[in-house]
**Q** 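My questions all concern the structure below.
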Amino acid sequence: MQKYAVNLSYTINSGQVFLWEKDDLIWHGVNGFDVISVRETPFEINSLSQNKSDFFRESDDLDLILKNISNDEIVKKAVRLFPGLRLLRQDPFQCFISFIVSANSSIQNIQRILKKICKKFGTKVKFEGKEFFLFPEPKKLAHASTSELLDCGLGYRTKAVKEASTVVSEKQIDFDYLKKTNYKNTKEILLDVYGIGNKVADCIMLFSLEKLEAFPLDRWMVRILQKYYSKKLHLNGKSLTEKKYNCLHQIIVDHFGAYAGYSQQFLYKMERDLYQKKWL
DNA sequence: TACTAACCTGTACG
DNA sequence: ACGTACAGGTTAG
């Protein structure tokens, strides 16, 4: 019996993952070369590979984390409202490409593009009586032609996806190394990739590279911070420059703590729900 | 250093 | 119907 039950729809529909679907009571999702199925009650996970990737981060010490981030009153309220929300541990390459694709795009568009990429370049597999297309290997995407990528709806992101896949396939980027090294070092390496800016780098680090202090600042989070923390953060000006972003990140970690990424997820969820913005 | 226009694509709105 | 705005940003200048 879990002390904290996972709420799958909160978690899966919180902008972290894009290749999940619900079929009756079971959710299925593509995660790299794997397909994961999960049922909410009773909580049960299966996967094509049979590997335990701890996708739902059940090994995290939630008692500690939730208590820690609840030092902030606003976050505390969000945790109380959405206790089943979780951070996920994704396949790094899929996460990397997903968030490059996400830049300046809507959720639906991101989903459509990623599905097409899987269908065009990924391996078809069967799992629990259903068909899935796995996320393609870096080499496969790196060697894709421009027209094939354009067919996936990538538009001007085509160049970014191709270059990003190339640096991974040529081992200029090694996710295992990035998981081990620190936030700052990882971020510098990711920012060197064409198509990756501060926000996308933070998403990749938080969702797939074990950097729980990463705190992606998109236009929504900036608005949320302005709304609740304007005194603390003095966010003047509209654009977030590199220097401002770094400065702000330091303030955020000082305020929210080492698990700031969890705080971000809860704040985001609460605010989106409050405003009942279209979500999927 | 700080700021902004342009950017593929799809959909929602008037 | 058809133009305009906007969508979880990044880059070039």
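Residue numbering restarts at 1 for every chain, and letters A, B, ... go by the order of the sequence lines. None of the values given here were measured: they were computed from a predicted structure.
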**Q** Mind calculating the distance between CZ (Phe96(A)) and C1' (dG9(C)) to the nearest angstrom?
**A** 16 Å
**Q** Measure the distance from OH on Tyr194(A) to P on dG9(C) and round it to the nearest whole Å.
**A** 16 Å
**Q** May I ask you to say what Val101(A) touches in the nucleic acid, namely base, sugar-phosphate or nothing, with a heavy-atom cut-off under 4.0 Å?
**A** nothing
**Q** Assign Ile110(A) to base, sugar-phosphate, or nothing according to its heavy-atom contacts below 4.0 angstrom with the strands shown.
**A** nothing
**Q** Do Phe266(A) and Phe256(A) have ring centres separated by under 6.0 Å?
**A** no
**Q** Please report, rounded to the nearest Å, how far the P atom of dG9(C) is from the CG atom of Leu190(A).
**A** 18 Å
**Q** Could you give the distance from CZ (Phe121(A)) to CG (Leu149(A)), rounded to the nearest 0.5 Å?
**A** 5.0 Å
**Q** Round to the nearest Å and state the distance from Asp151(A) atom CG to dC8(B) atom P.
**A** 16 Å
**Q** Would you kindly give the NZ-to-C1' distance between Lys243(A) and dA2(B), to the nearest whole Å?
**A** 10 Å
**Q** Any sub-3.5 Å donor-acceptor pair from Arg89(A)'s side-chain atoms to Asp54(A)'s backbone N or O?
**A** yes
**Q** Output the rounded distance in Å from CG (Asn104(A)) to P (dG8(C)).
**A** 10 Å
**Q** Look at Arg112(A) and dT11(B) and indicate whether a side-chain polar atom (N or O) is within less than 4.0 Å of OP1 or OP2.
**A** yes
**Q** Take atom P in dG9(C) and the same atom in dT1(B), then report the distance between them in whole Å.
**A** 25 Å
**Q** Taking the P atom of each, how far is dC13(B) from dG8(C), in whole Å?
**A** 14 Å
**Q** So does Lys159(A) get a side-chain nitrogen or oxygen closer than 4.0 Å to the phosphate oxygens (OP1/OP2) of dC8(B)?
**A** no
**Q** To the nearest Å, give me how far apart CD1 (Ile100(A)) and P (dC7(B)) are.
**A** 21 Å
**Q** Given the rule in the salt bridge (charged side-chain N to carboxylate O under 4.0 Å, His left out) test, do Lys77(A) and Glu73(A) qualify, once you have shown the distances and angles that lead to the verdict?
**A** CA-CA 6 Å; Lys77(A) 180 181 172 190; Glu73(A) 287 302 319; over 6 Å; no
**Q** Check whether Asn182(A) reaches the backbone of Lys184(A) with its side chain - one donor and one acceptor, N or O, closer than 3.5 Å.
**A** yes
**Q** Tell me the partner of dG10(B), counting only Watson-Crick (N1-N3 plus N6-O4 or O6-N4) or G-U wobble (N1-O2 and O6-N3) with both under 3.5 Å; none if nothing fits.
**A** dC6(C)
**Q** Looking only at the side chain of Ala103(A) (C-beta and beyond, no hydrogens), which of the listed nucleotides dC3(B), dG8(C), dT10(C) gets closest?
**A** dT10(C)
**Q** On DNA chain C, nearest-nucleotide positions of Leu191(A) versus Cys203(A): which is more 5'?
**A** Cys203(A)
**Q** Between Ser106(A) and Gly197(A), name the one whose nearest nucleotide on DNA chain C is closer to the 5' end.
**A** Ser106(A)
**Q** For a quick check of understanding: with a heavy-atom distance under 4.0 Å over all strands, which category does Arg157(A) fall into, base, sugar-phosphate or nothing?
**A** base
**Q** Using the P atom in both, what is the distance from dC8(B) to dC2(C), to the nearest Å?
**A** 25 Å
**Q** Whole Å only: how far is the CD atom of Gln108(A) from the C1' atom of dT9(B)?
**A** 12 Å
